[in-house]
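Values reported hereafter were calculated over all heavy atoms of this structure, with side chains retained and with hydrogens, waters and symmetry mates removed.
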Amino acid sequence: MENMKTYSHEEMLDRVIGKKGTPRRDAMEDELQSFLIGEAIRQARKEKNLTQEQLGKLMGVKRAQISRIEKGHNLTISTIIKAFKAMQVPASFSFGNTSLALC
């Protein structure tokens, strides 16, 4: 059997999606980050035993908007902050040298 070369996760991403800084790789990483934020909101909502409808009422939006947020769509900093504040869930964000803490 021939020796097979093994690749790190980063090497595979470089080969399949592109190197960091390329448009395709940046788009994939942005989409992943949005998904993870939406998932964090969904998990926090479930831990608070809230339905999407209930969270929507707390935020002043419809259930369909909560569904989109949890899927990582329509995310803005304002929306993320509003969701965590509505659920009274402590969250913090760092942007370079600036940090923002909620609740």
Okay, side chain of [X], backbone of [Y]: is any donor-acceptor separation there less than 3.5 Å?
X	Y	value
Q43	A40	no
Q65	K62	no
R45	L50	yes

Q) Under the side chain to side chain contact (heavy atoms under 4.5 Å, CB included) criterion, do L75 and I80 qualify, and how do the steps go? A) CA-CA 7 Å; L75 286 180; I80 296 165; 4.1 Å; yes
Q) Can you tell me how far the CZ atom of R68 sits from the CZ atom of R63, to the nearest 0.5 Å? A) 9.0 Å
Taking all non-hydrogen atoms of both residues into account, name the closest pair between [X] and [Y] and its distance.
X	Y	answer
M59	I69	CE-CD1, 4.1 Å
V89	K48	CG2-CE, 3.7 Å
I41	M87	O-CE, 3.9 Å

Q. Centre of F84's six-membered ring, under 6.0 Å away, within 45 degrees of the axis: is that where NZ or CZ of K82 sits?
A. no
Q: Evaluate the side-chain proximity of M28 to L13: yes if any heavy-atom separation is below 4.5 Å, no if none is.
A: yes
Q) How about I66 and V61: do any of their side-chain heavy atoms sit closer than 4.5 Å? A) yes
Can you give me every donor-acceptor pair (side chain of residues 29-38, partner residue at least two apart or in another chain, under 3.5 Å) with its distance?
| from | atom 1 | to | atom 2 | distance (Å) |
| --- | --- | --- | --- | --- |
| E29 | OE2 | R25 | NE | 2.8 |
| S34 | OG | D30 | O | 3.3 |

**Q.** Partners passing salt bridge (charged side-chain N to carboxylate O under 4.0 Å, His left out) against E39 (at least two apart in sequence or in another chain)
**A.** R42
